[in-house]
Amino acid sequence: MEKFTTLTGIAAPLPMVNVDTDMIIPKQYLKTIKRTGLGKALFAEMRYKPDGKLDFAFILNRMPFKDAKILIAGANFGCGSSREHAPWALLDFGIRAIIAPSFADIFFNNCLKNGMLPIVMGERDVQEMTREAQDGKEFTIDLERRRVIRPNGAPVPFPIDDFGRHCLLNGLDDIGLTLEKTADIDKFEDEQRKTQPWLYSAPKAEAAAPAAAAPAAS
Amino acid sequence: MSDPRTLFEKIWDSHVVHTAADGTTTLYIDRHLVHEVTSPQAFEGLRLAGRKVRRPEATLAVADHNVPTTNRAAGIADPESRTQVETLEHNTSEFGIEYFSMADIRQGIVHIVGPEQGMTQPGMTIVCGDSHTSTHGAFGALAFGIGTSEVEHVLATQTLVQKKPKSMRVTIEGMIGPGVTAKDIVLAVIGKIGTAGGTGYVIEYAGRAIRELSMEGRMTICNMSIEAGARAGLIAPDEKTIAYLKGRPMAPKGAAFEAAAAYWRTLPSDFDATYEREVVIRAADIAPQVTWGTSPEEVVAITGRVPDPANERDPQRRAKLQRSLDYMGLKAGTAMTDIAIDRVFIGSCTNARIEDLRAAAVIVKGKHVAPTVQAMVVPGSGLVKQQAEKEGLSKIFTDAGFEWREPGCSMCLAMNADRLQPGERCASTSNRNFEGRQGRGGRTHLLSPAMAAAAAITGRLADVRLFKA
Ligand code: SF4
């Protein structure tokens with residue numbers, strides 16, 4: 001995973017609430033078995049007209065926002081499905097940080113797993129930054145010091161937990177980190193096997209469906 | 001005496017492998033469900049890193065999102081869909097994971113299959129690369145959706161790195177009226193707390209109206225917890241839960257079942273446990289619900305009208321309401337029962353269990369789908385389909401002019417060939433009415449199976465309570 005330390009770039013304002021993952025990447029692009037190349041599918045139904053041509057009314061199709069590295073959005077960004085294709089598409093387009101008053105939980109986690117930074121900020125700050133972003137000026141995000149530096153030079157602090165920040169700063173793969181705890185996991189399983197043995201001896205699904213599997217008529 | 005604990009806290013506490021100083025927890029995962037859309041990159045990641053699946057026997061896989069609902073014998077026509085399903089088949093056989101293929105009677109929507117097989121049990125932690133994993137909370141299991149990187153993490157380590165969510169209790173007091181169902185309860189909850197109302201929380205549903213629900217109804221409620229933004233939904237296990245599980249293929253047997261049941265009975269929240277947020281709704285106030293917009297929170301009673309954005313003071317929210325009205329092709333003030341529909345979809349992990357099909361069949365029996373409407377029923381699994389055919393429900397539907405399909409996600413997300421045309425308006429028992437969800441330009445109204453059936457017959461959104469069965 002690529003490290004995230006500081007990021008300087010243009011921020012695209014997208015002042016909409018409840019931007020859902022179906023909007024970020026429609027399902028017809030979920031049929032891939034790869035993580036890459038999804039940038040072209042980002043916001044497809046808003047970015048392209050029904051005939052497939054770019055719709056220049058949409059912010060990410062216009063200069064300089066075509067090259068945005070940051071997105072500034074409304075509350076509850078990323079709600080809906082768990083599809084990690086949503087952060088993959090944003091990342092492939094070039095967006096590495098999103099600033100919004102709130103995020104849906106799964107989307108938020110998915111960003112962190114891909115070296116992307118979701119930044120939660122108060123509504124007022126987000127509104128002011130949305131206005132500033134419209135001029136196409138650059139913002140800087142300093143993860144080390146947990147702050148966004150606005151085009152006018154004003155720093156705005158943001159919260160992020162230590163673990164998420166540590167992983168981002170160092171580009172860590174958290175599977176590797178968890179595997180270092182294998183002894184703890186073994187111990188947990190040994191204990192659980194004693195207290196809830198049925199979790200370890202449960203019969204496998206049977207090849208043919210027994211009558212009992214059919215829901216009883218009420 | 002230990003401190004009083006909620007159901008959620010009991011499950012959480014019993015699955016902590018490790019907690020770091022900042023509260024980040026390594027949480028043990030008991031069961032893992034896998035489908036074709038969110039897993040290929042996870043298996044690929046394992047292969048690239050040379051990692052194994054830690055407990056293949058704790059995992060079950062099924063293809064559901066991409067599968068065709070007609071003419072299964074012909075296979076999957078779309079090459080990309082076919083590749084995705086074949087990739088799942090290949091990955092599960094390589095890593096030793098049980099897989100229900102399209103030809104297996106047990107195949108169906110992953111969240112219908114897990115409970116049906118008895119894999120879903122109280123007190124467990126259950127995950128799946130799918131947001132509607134919240135469904136399994138109906139059994140008193142902590143179940144939540146995860147992304148593909150996390151799927152890979154669970155496959156490799158049987159754990160997840162998590163922050164402990166907050167807890168909320170939603171109490172539905174008293175009893176619901178006739179014609180009101182689990183779907184109406186959960187839509188009313190979302191209407192009240194909003195699509196972000198549950199963000200950061202696990203919601204426990206309580207109160208008489210919830211206790212009185214069947215397991216199927218409880219699954220409908222927990223299923224849509226994610227539409228309120230919640231990490232998970234939970235309902236305390238009781239004798240109904242235990243009776244449902246008894247005899248299911250993957251549930252414990254004999255003495256092991258009794259031991260498990262004794263443990264399950266200790267799980268409900270202690271009576272003096274506290275929650276970070278409480279919401280109370282009177283069941284008697286809930287009428288059959290239907291959404292008018294493009295977010296599940298944009299919902300009204302069937303007796304209501306399309307709202308007017310002019311009444312919303314927040315400019316961003318007002319813009320969202322207007323955008324919803326424009327997308328849905330509706331005018332503020334229109335009575336919901338004046339809205340004509342083109343399509344009806346009875347299906348999805350929210351409402352494609354046997355009880356849902358029975359509820360719809362009661363309304364449909366002896367009548368015919370309106371000539372302007374195309375209607376279909378997509379059972380949630382092969383076993384649900386078989387049961388419905390045995391009970392004669394399929395005949396009631398086909399006699400009335402419904403199409404009777406093979407199990408899968410189908411037009412819930414329109415990833416296969418089942419989709420709306422631009423501008424088409426659909427009464428749907430699924431869970432999301434997002435723009436384009438059921439097909440680009442398609443317009444979705446979410447409602448209960450009985451309400452969907454009534455809409456199919458009348459050709460308009462209709463109040464099922466006024467409907468002569
Ligand atoms: S039925 Fe719909 S919501 Fe449920 S798993 Fe399938 S696509 Fe997702």
Side-chain angles (χ1 to χ4, degrees), chain A residues 15-18 20 22-23 26-28 30-35 45 50 74-76 79-84 87 102 104-106 109-110 113-114 161-163 174-175 177-179 181-182 184-185 188-189 192 196-199 201-206 208-210 212-215 217-218, chain B residues 17-18 20 22 24 26 28 30 37-38 40-41 80-81 83-84 87 98 105-106 116-117 129-131 145-149 152-153 156-159 161 195-196 199-200 229 231 247-250 252-253 256 259-260 263 295 316-317 320 354 383 387 391 413-415 432 434-437 440:
Chain A
M16 289 172 70
V17 295
N18 296 337
D20 59 69
D22 280 76
M23 263 184 215
K27 66 267 176 170
Q28 60 269 32
L30 306 186
K31 295 183 182 181
T32 175
I33 55 171
K34 300 201 164 62
R35 285 173 201 253
E45 286 175 9
N76 198 26
C79 61
S81 95
S82 68
R83 59 187 72 158
E84 201 161 316
S102 60
D105 291 330
I106 307 178
N109 286 341
N110 283 344
K113 306 287 179 199
N114 289 282
D161 70 81
D162 296 341
F163 179 77
D174 64 351
I175 297 181
L177 291 179
T178 301
L179 286 172
K181 300 200 179 77
T182 299
D184 291 334
I185 302 171
F188 178 93
E189 285 179 349
Q192 197 189 43
Q196 296 178 59
W198 61 87
L199 292 178
S201 58
K204 298 267 280 179
E206 288 154 29
S218 58
Chain B
V17 173
H18 178 266
D22 74 340
T24 305
T26 308
Y28 193 78
D30 293 321
V37 179
T38 54
Q41 297 86 352
E80 282 183 295
S81 293
T83 304
Q84 212 167 44
T87 303
E98 176 147 31
I105 182 102
R106 299 166 301 176
E116 190 172 74
Q117 291 299 316
D130 194 287
S131 59
I146 56 178
T148 299
S149 295
E152 186 180 337
H153 195 283
T157 70
Q158 206 60 38
T159 67
V161 180
T195 48
T199 304
R231 200 77 185 93
R248 305 235 160 214
M250 292 172 84
K253 301 275 182 311
Y263 171 69
S295 165
Q316 232 177 57
R317 308 232 162 239
K320 165 73 177 96
I354 190 70
L383 290 170
Q387 177 73 17
E391 291 179 22
L413 94 163
M415 219 173 143
R432 289 192 175 134
F434 298 157
E435 288 181 20
R437 172 80 179 181
R440 186 172 184 150

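In this text, all values refer to a predicted model and were calculated from it rather than measured experimentally. Quick note on labels: first sequence line is chain A, next is B, and so on, each numbered from 1.
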Side-chain donor-acceptor contact under 3.5 Å, A:Gln196 with B:Asp30
no
Main-chain N/O of B:Met415 paired with A:Gln28 side-chain donor or acceptor, under 3.5 Å
no
Residue, of A:Asn114, A:Asp162, A:Thr182, that accumulates the most heavy atom pairs under 4.5 Å with chain B:
A:Asp162
Report which part of B:Ala156 has an atom under 4.5 Å of a heavy atom belonging to chain A: side chain, backbone, both, or neither.
both
Counting heavy-atom pairs under 4.5 Å with chain A, the top scorer among B:Ala256, B:Ser81, B:Gly147, B:Ser295 is B:Gly147
Which residues pass the salt bridge (charged side-chain N to carboxylate O under 4.0 Å, His left out) test with B:Asp22, sequence neighbours left out?
B:Lys163
Part of A:Asp184 within contact of chain B (heavy atom distance under 4.5 Å)
both
Which bit of A:Lys34 comes within less than 4.5 Å of chain B, counting heavy atoms only: side chain, backbone, both or neither?
backbone
Please state whether the side chain, the backbone, both or neither of B:Thr26 comes within less than 4.5 Å of a heavy atom of chain A.
side chain
A:Val17 versus B:Gln316, closest heavy-atom pair with distance:
CG1-OE1, 3.1 Å
So, the part of A:Pro26 with a heavy atom under 4.5 Å from chain B: the answer is neither
Is there a side-chain contact between A:Ser102 and B:Thr199 (heavy atoms, below 4.5 Å)?
no
Within the distance-only criterion (no hydrogens, no angle test), does the side chain of A:Lys31 pair as donor or acceptor with the backbone N or O of B:Thr83 below 3.5 angstrom?
no
Heavy-atom proximity to chain A below 4.5 Å, by part of B:Arg432:
side chain
Validation row: B:Arg231, A:Ile106 side chains within 4.5 angstrom (heavy atoms):
yes
Hey, are the side chains of A:Ile185 and B:Thr159 touching, using non-hydrogen atoms and a 4.5 Å cut-off?
yes
At a heavy-atom separation under 4.5 Å, does B:Ile146 approach chain A through its side chain, its backbone, both, or neither?
backbone
With a 4.5 angstrom heavy-atom cut-off, could you sort out which part of A:Pro50 is near chain B: side chain, backbone, both or neither?
both
Nearest non-hydrogen partners of B:Arg317 and A:Ala75, listed with the distance:
NH2-CB, 4.3 Å
Between A:Asp105, A:Asn18, A:Thr32, A:Asn110, which shows the greatest number of heavy-atom pairs under 4.5 Å with chain B?
A:Asp105
Would you call A:Lys181 and B:Val17 a side-chain contact if the rule is heavy atoms closer than 4.5 Å?
no
Region of A:Asp174 that comes under 4.5 Å of a non-hydrogen atom in chain B:
both
Any sub-3.5 Å donor-acceptor pair from B:Lys320's side-chain atoms to A:Met16's backbone N or O?
no
On a heavy-atom basis, the closest approach of B:Gly436 and A:Glu45 is CA-OE1, 3.8 Å
Does any backbone or side-chain atom of B:Thr157 lie under 4.5 Å from a heavy atom of chain A? Answer side chain, backbone, both or neither.
both
So for B:His18, is it side chain, backbone, both, or neither that comes closer than 4.5 Å to the heavy atoms of chain A?
side chain
Specify the closest pair of heavy atoms between A:Thr178 and B:His153, including all atoms of both residues, with the distance to one decimal.
OG1-NE2, 2.8 Å
Can you tell me if A:Glu84 uses its side chain to pair, donor with acceptor, with the backbone of B:Gly129 under 3.5 Å?
no
Which atoms of A:Phe163 approach chain B - backbone, side chain, both or neither, heavy atom under 4.5 Å:
both
Region of B:Thr195 that comes under 4.5 Å of a non-hydrogen atom in chain A:
both
Specify the closest pair of heavy atoms between A:Ser81 and B:Ser131, including all atoms of both residues, with the distance to one decimal.
CA-OG, 3.5 Å
